[in-house]
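We use all heavy atoms of the structure for the numbers below, so side chains are in, but hydrogens, waters and symmetry mates are not. Counting starts at 1 for both ligands and their atoms, following the listed order. Not measured: the values here are computed from a predicted model.
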Amino acid sequence: MITEYFHDTAEEIALAARLLQKGELVAFPTETVYGLGADARREDSVRAVFAAKGRPADNPLIVHIAEIGQIYDIAAEVPEIALRLASVFWPGPLTMVLPKQDCIPEVTSGGLETVGIRMPSHPVARALIRASGCPIAAPSANRSGKPSPTTARHVMDDMNGRIAAILDGGQCSVGVESTVICFDDSDTIHILRPGLISQEDLAPYASRVYVDHAIYEQIAPDVKVASPGMKYKHYAPNAKILPVDAPDFAAFANYVSKHAVYGTYCLLFDGDPEIPGIPSMRYGDSGAEQAHNLFLRFRELDEAGAKLVYVRMPRQDGADLSVYNRLMRAAGFEAVTL
Ligand code: AMP
Ligand code: MG
């Protein structure tokens, strides 16, 4: 298959929309990462998404909509708290898991009776959803297990020849996938996957907001989890990633200098100095900067031929938790604490 490359003009977005209507797969930009889109209602198209990614069938896809009102086409029940959050955080990087309508097949929901729904803020994503008239099921547009793509070139690297088209909308601003939540009751928000919208951001809108334990620890493959995606090793570059929780830079640098082998790199904060003799890259100081850069750096580290990467440990509060979670999963939850 020849993968077509589209620019984000109205004419080329219309061509991409036409392909989606015909049941084809189109990768497109969102503010979080690039998505691999298909008509969420078509079993054959959604199956093709799983095949193109090599994604396990029990890992559900998120359905993307362009207007808040479309939530009623996808969700069988919409509690008041969901509407409240939609009015505050949509369009934006928040996915809400709700009971699904029959028009969403179980292939899309990974066999679950619920479905994750999101209204992205990226203008190209919304234009594509509108032009196609389809709710678009879209996981991240990487091969399963690879870092999520934040540029059209990353998508090309993983998906060229496997999908009908790639729509280029430049580099994604957020850089990590959406915050995924479900509701345990009418006033409790359960965070299934951390993202830029944090526990602290959600706190004013419910009496309780809590983070699923799967975000902090490795879940055994046979254990049932609230969010199937959280049990898979994920986001990993080819290089071994080893986060190091050090009290300060000097302790980090000392540890790395003692343990460096051939192919060792460091992933540092912007404010850190160099460590003599050890090549490094930087991924930002704040959680938002680190989220924006993390997957990009993972791909650059592979291109540079890194074999082992010592990473300065991010914080675990606010949006930083999304970075911590992606990093720890890339590391298989192995880290060094000094
Ligand atoms: P991705 O498409 O790669 O961003 O992954 C989407 C993730 O959202 C999945 O791996 C799940 O963790 C989560 N998710 C989507 N739909 C549901 C659902 N119905 N129930 C629980 N988690 C979901
Ligand atoms: Mg993904």
Side-chain angles (χ1 to χ4, degrees), residues 25 27-38 40 46 49-50 52-65 71 74-78 82 92-101 104-120 122 125 135-150 154-155 158-159 172 174-184 189-197 211-215 219 221 223-237 291 294-295 298-299 322 325-326 329-330:
L25 309 190
F28 64 100
T30 80
E31 70 278 21
T32 57
V33 301
Y34 273 74
L36 178 53
V46 173
V49 170
F50 281 87
K53 277 184 64 88
R55 181 173 173 107
D58 70 346
N59 195 356
L61 307 186
I62 291 169
V63 176
H64 295 73
I65 58 177
I71 195 173
I74 312 299
E77 288 159 45
V78 184
L94 181 70
T95 297
M96 296 194 265
V97 172
L98 296 170
K100 72 172 188 67
Q101 288 271 17
I104 301 299
E106 285 196 2
V107 210
T108 303
S109 66
L112 300 171
E113 281 309 308
T114 54
V115 59
I117 308 174
R118 176 165 108 81
M119 178 165 132
H122 197 296
I136 301 183
S140 49
N142 51 292
R143 294 274 295 155
S144 201
K146 291 277 168 203
S148 297
T150 54
H154 298 164
V155 180
D158 280 17
M159 291 295 167
C172 303
V174 175
V176 295
E177 305 85 347
S178 58
T179 306
V180 179
I181 60 171
C182 65
F183 305 104
D184 291 4
I189 298 174
H190 178 168
I191 298 180
L192 301 172
R193 177 174 75 184
L196 189 71
I197 296 174
V211 176
D212 197 275
H213 68 101
I215 288 164
I219 303 298
V223 172
K224 193 171 179 312
V225 289
S227 184
M230 299 309 283
K231 72 180 182 222
Y232 295 108
K233 179 170 175 173
H234 214 170
Y235 317 120
L294 186 73
F295 290 142
F298 278 178
R299 285 183 182 252
S322 68
N325 171 253
R326 301 320 186 269
R329 293 188 62 204

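Looking at ligand 1, you won't find any N or O of Lys53 less than 3.5 Å from one of its N or O atoms. Between Glu177 and ligand 1, no pair of N/O atoms sits closer than 3.5 Å. Ligand 1 has an N or O atom lying under 3.5 Å from an N or O atom of Arg55, backbone or side chain.
Residue Thr114 touches ligand 1 through backbone and side chain together, judged by heavy-atom distances below 4.0 Å. Of all the heavy atoms of Ile62, the ones lying under 4.0 Å from any atom of ligand 1 belong exclusively to the side chain.
Glu77 approaches Pro99 most closely through the heavy-atom pair O-CD, 3.9 Å. A pairwise comparison of heavy atoms in Gly54 and Ser144 identifies O-CB, 3.1 Å as the closest pair.
With Ser148 as the fixed residue, the side-chain contact (heavy atoms from CB on, under 4.5 Å) test singles out one of Val33, Val155, Val176: Val33.
Residue contact check for ligand 1: Ser140 places a non-hydrogen atom closer than 4.0 Å to it.
Using a distance-only test at 3.5 Å, with no hydrogens or angles considered, a donor-acceptor pair links the side chain of Arg143 to the main chain of Ala52.
The distance from atom CD1 of Ile136 to atom CD1 of Ile62, rounded to the nearest 0.5 Å, is 13.5 Å.
Between Glu177 and Arg118 no salt bridge is recorded (no basic side-chain N to carboxylate O distance below 4.0 Å).
Proximity to Leu112 (heavy-atom distance under 4.0 Å) selects the following atoms of ligand 1: 18 (C), 19 (N), 20 (N).
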